[in-house]
Amino acid sequence: MTDPSTDCPVSTRYAPSPSGHLHVGGARTALFCWAFSRRHHGNFILRIEDTDQKRSSQKASLGFLEDLDWLGIDWDEGPEFAGSGGGDHGPYYQSQRLPIYDEHIMKLVEAGHAYWAFETPEQLDAARKQARAEGRAYRYDRAALELDPAEVRQRLDRGDHAVVRFKVPPGEVTFDDMVLGTTTFPDGEIDDFIIRKADGFPTYHLAVVVDDALMEVSHVLRAQEHLNNTARHVLLQRALGFGVPAHAHLPLIFNPDGSKMSKRDKDKALRAHVKTLGLGGPPAGTIDDDVFQNWLSDKRSQLEIEQADALARALDFELPEINVNDFRCSGYLPGVLCNFLALNGWSPGNDLEKFDNAFLAENFTLDRVQKTPAHFDRMKLLAFNLDAIQELTEDQFHTLLREHAAEYRPEFLQLMDQEQFRTFSESVHERSKTLDEPFRTNRFLVIPDEQVTWDFQSKPVKKALLNGDSPGISHLPALRLLLDSVDPFDSDTLEQVLKDYADQKFDGQLGKVAQPLRVAVSGGTVSPPIFHTLQILGRDSVLNRIDACINTAASLPST
RNA sequence: GGCCCCAUCGUCUAGCCCGGCCCAGGACGCCAGGUUUUCAUCCUGGAAACAGGGGUUCGAAUCCCCUUGGGGUCACCA
């Protein structure tokens with residue numbers, strides 16, 4: 001099908017650089033590109049922009065293929081992965097297309113649209129600094145344009161440091177944007193930018209323009225930070241005799257505080273947390289002391305992802321989620337993340353907020369894309385995730401929870417049998433906001449009995465065990481006796497027995513029984529419903545823990 | 001600083017293009033009650049915005065201009 005406004009087949013592309021994982025902002029762009037192409041029954045291309053030799057790595061690029069797949073975003077052309085990819089416009093890694101770019105670059109040089117230049121980065125840096133000191137915007141002075149052709153040839157033969165610059169034609173540049181409308185850049189605003197680096201690789205500008213044309217991209221959807229670049233691209237497209245694709249610049253996604261979301265946020269958060277704790281050295285088994293000290297002393301340094309993860313885990317600190325994979329680890333559902341991402345910058349109207357990718361593929365339009373940046377609100381995302389999880393059936397939730405455990409919380413699968421895990425799943429479902437939350441908040445279920453500890457100083461523990469006329473602790477021996485003889489040891493029977501006890505001793509106030517037991521077996525005041533908790537732990541553990549709790553309380557200095 | 005873009009509750013947004021139905025609707029969050037064996041849910045109610053100033057018009061959140069504010073960009077990164 002065709003886009004009615006341009007009457008040509010729709011083809012979009014998402015073109016990330018493979019530096020790092022897929023960021024939520026990138027994911028949103030990919031989602032919109034995907035949705036737009038699906039809406040018009042068009043083509044969606046994934047292209048890897050790895051023209052920066054310093055930053056690109058094969059490993060990182062594979063990571064976001066998986067992220068896209070997890071989100072449910074498939075691509076018709078590009079690297080082959082999980083059934084997506086292939087296509088006739090390859091290769092889809094720019095680093096494998098160097099001859100193609102050179103061909104076009106030389107065409108431009110021959111036509112007088114581009115020229116060789118020999119300034120070193122250092123020289124340009126100095127010129128830039130001077131321009132700034134004089135309070136004006138730096139523009140390349142076109143010195144190389146004056147060079148004698150014979151000298152150019154000689155210096156090229158000699159192997160001098162050489163780049164190719166595009167000779168920007170005079171006049172203003174105007175282009176249309178399907179989100180923002182018409183934009184005009186005045187004459188002289190754009191200087192002769194580099195299109196071929198000294199290492200022979202094309203710059204982003206050249207590669208994008210050539211590939212978009214050769215891959216027959218009809219609509220370029222990308223983040224608003226590219227708006228200025230588009231003027232350059234339009235100029236290149238004209239010089240190369242290409243058509244100008246339709247453009248749509250998408251609003252940026254920010255942190256709640258208005259700062260730009262970046263991978264550095266994790267490091268920042270961790271650093272702040274470590275400082276609050278006043279930590280003098282790294283927890284044992286995490287990272288080397290000198291790595292830790294270097295990191296702490298140099299604000300600009302960053303830990304490797306693995307190091308940061310290890311440290312955060314040891315400190316029981318949750319790093320802020322930035323990448324798609326972070327949200328996956330934290331137990332968000334892919335459909336919810338897509339839904340929420342789409343809502344940052346787009347809405348279907350009619351107060352409709354909850355929808356899936358299929359809905360997007362059917363209803364996404366650029367005229368409903370927001371012009372203003374969105375602040376990423378994790379609280380709302382969490383609320384959406386809760387809603388989605390509550391809508392799952394017991395079986396669906398159980399399956400997802402198992403999968404999550406297998407991937408991220410294997411100890412729960414090792415220490416619980418099928419039936420225990422099933423009970424666990426059923427009892428945590430209604431209180432789970434994420435797939436990870438049950439594991440985080442119920443570690444007591446998988447620790448050895450002797451590792452349970454009680455903080456008798458804490459208010460809620462005191463309230464449950466020590467306070468009142470008939471303190472909880474005084475009932476534990478009797479309850480222990482009851483539990484020892486309950487048969488079968490399952491939640492229904494336990495409920496019956498414990499309710500009877502509450503009826504007799506506390507006039508039916510179940511809390512008076514449940515809370516002391518909860519504290520005794522978990523060490524804390526939070527757990528799934530008490531009858532399920534007891535069943536999951538099993539009789540032996542429950543009795544062990546109650547005994548230990550009684551003994552520990554007995555050894556307390558009397559007050 | 002130059003250039004470009006933008007402007008509705010704290011946040012995401014509906015309404016804006018095609019002025020009146022808007023003393024501006026929804027969602028998350030917040031506040032106050034209620035349900036609940038803890039936690040989390042859940043239920044009820046509430047506070048909360050058209051950045052400011054000029055126009056145009058019978059009438060402006062909606063159209064125009066200015067101011068202010070925010071953002072982006074000024075790389076041999078993408």
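Lettering of chains follows the sequences in order, A, B, ..., and the numbering in each one begins at 1.
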Could you tell me how far [M] sits from [N] if I compare only their [atom1] atoms? Round to whole Å.
N      : M      : atom1 : answer
G2(B)  : G20(B) : P     : 38 Å
C16(B) : U35(B) : P     : 44 Å
A49(B) : G26(B) : P     : 14 Å
A47(B) : G70(B) : C1'   : 26 Å
A32(B) : C6(B)  : C1'   : 38 Å
U62(B) : G52(B) : P     : 11 Å
A40(B) : G45(B) : P     : 23 Å
G19(B) : U68(B) : P     : 30 Å

Check every strand shown and say whether [X] touches a base, only sugar-phosphate, or nothing at a heavy-atom separation below 4.0 Å.
X         : value
Gly524(A) : nothing
Leu180(A) : sugar-phosphate
Thr525(A) : base
Arg222(A) : nothing
Pro529(A) : base
Gln370(A) : sugar-phosphate
Thr184(A) : sugar-phosphate

For this session: Kindly write out the residues that satisfy side-chain hydrogen bond (donor to acceptor under 3.5 Å, both in side chains) with Thr441(A), not counting sequence neighbours, or none if the list is empty.
Result: none
For this session: Look at the side-chain N and O atoms of Ser347(A) and state whether any lies under 4.0 Å from the OP1 or OP2 oxygen of A14(B).
Result: yes
Exercise. Hey, does the side chain of His375(A) come within less than 4.0 Å of U11(B)'s phosphate (OP1/OP2), counting only N and O?
Worked result: no
Salt bridge (charged side-chain N to carboxylate O under 4.0 Å, His left out) involving [X] - partner list, sequence neighbours excluded:
X         : answer
Glu437(A) : none
Glu225(A) : Lys260(A)
Glu49(A)  : Arg47(A)
Arg155(A) : Glu151(A), Asp160(A)

Between [X] ([atom1]) and [N] ([atom2]), how many Å, whole number?
X         : N      : atom1 : atom2 : answer
Asp187(A) : C4(B)  : CG    : C1'   : 16 Å
Leu382(A) : C12(B) : CG    : P     : 18 Å
His429(A) : C42(B) : NE2   : C1'   : 14 Å
Phe340(A) : U11(B) : CZ    : P     : 13 Å
Lys505(A) : U37(B) : NZ    : C1'   : 19 Å
Asp191(A) : C3(B)  : CG    : P     : 16 Å
Asn350(A) : A14(B) : CG    : P     : 11 Å
Ile190(A) : G2(B)  : CD1   : P     : 18 Å

[N] - base-pair partner by Watson-Crick or wobble geometry, distances under 3.5 Å:
N      : answer
G1(B)  : C74(B)
A32(B) : U44(B)
C63(B) : G55(B)

Problem set entry | Non-neighbouring partners of Phe355(A) that pass ring pair (Phe, Tyr, Trp, His ring centres under 6.0 Å), sequence neighbours left out | Trp346(A), Phe359(A)
Problem set entry | Residues forming a ring pair (Phe, Tyr, Trp, His ring centres under 6.0 Å) with Phe376(A), sequence neighbours excluded | Phe327(A), Phe340(A)
Exercise. Does Gln390(A) or Gly349(A) map to a spot on RNA chain B nearer the 5' end, using the closest nucleotide for each?
Worked result: Gly349(A)
Exercise. Taking for each residue the nucleotide of RNA chain B with the nearest heavy atom, is it Leu343(A) or Glu430(A) whose nucleotide lies nearer the 5' end?
Worked result: Leu343(A)
Exercise. Are the aromatic ring centres of His21(A) and Phe64(A) under 6.0 angstrom apart?
Worked result: no
Under 3.5 Å, which N/O atoms of the protein pair with N/O atoms of nucleotides 27-30 of chain B?
residue	atom	partner	partner atom	Å
A27(B)	O4'	Glu353(A)	OE1	3.0
A27(B)	O2'	Glu353(A)	OE1	2.6
A27(B)	N3	Lys380(A)	NZ	2.9
C28(B)	O2'	Lys380(A)	N	3.2

Show me the donor-acceptor pairs, under 3.5 Å and distance only, between side chains in residues 499-506 of chain A and residues at least two apart or in other chains.
residue	atom	partner	partner atom	Å
Lys499(A)	NZ	Glu495(A)	OE2	2.7
Tyr501(A)	OH	His475(A)	ND1	2.7

For this session: Please determine if Lys354(A) forms a cation-pi arrangement with Phe384(A), meaning its NZ or CZ atom is less than 6.0 Å from the six-membered ring centre and no more than 45° off the ring axis.
Result: yes
For this session: Cation-pi check, Arg97(A) to Tyr93(A): give yes when NZ or CZ is under 6.0 Å from the six-membered ring centre and within 45° of the ring axis, no otherwise.
Result: no
Exercise. Reading nucleotides 46-52 of chain B 5' to 3', which nucleotides get B (base under 4.0 Å from a protein heavy atom), which S (sugar-phosphate only), which -?
Worked result: -------
Seminar exercise, completed: Quick tally for nucleotides 63-78 of chain B: nucleotides whose base has a protein heavy atom under 4.0 Å get B, sugar-phosphate-only ones S, the rest -, giving --------SBS-BBBB
Seminar exercise, completed: Among the nucleotides G25(B), A40(B), C6(B), whichever has the atom closest to the side chain of Thr372(A) is C6(B)
Problem set entry | Check: Glu119(A)/Tyr140(A) side-chain N/O donor and acceptor closer than 3.5 Å | yes
Exercise. Would the number of heavy atoms belonging to other residues, nucleotides or ligands and lying under 6.0 Å from CD of Gln496(A) be above 12?
Worked result: no
Exercise. Among pairs that include at least one residue of residues 181-203 of chain A, which meet ring pair (Phe, Tyr, Trp, His ring centres under 6.0 Å), considering only residues two or more places apart or in two chains?
Worked result: Phe166(A)-Phe193(A), Phe193(A)-His205(A)
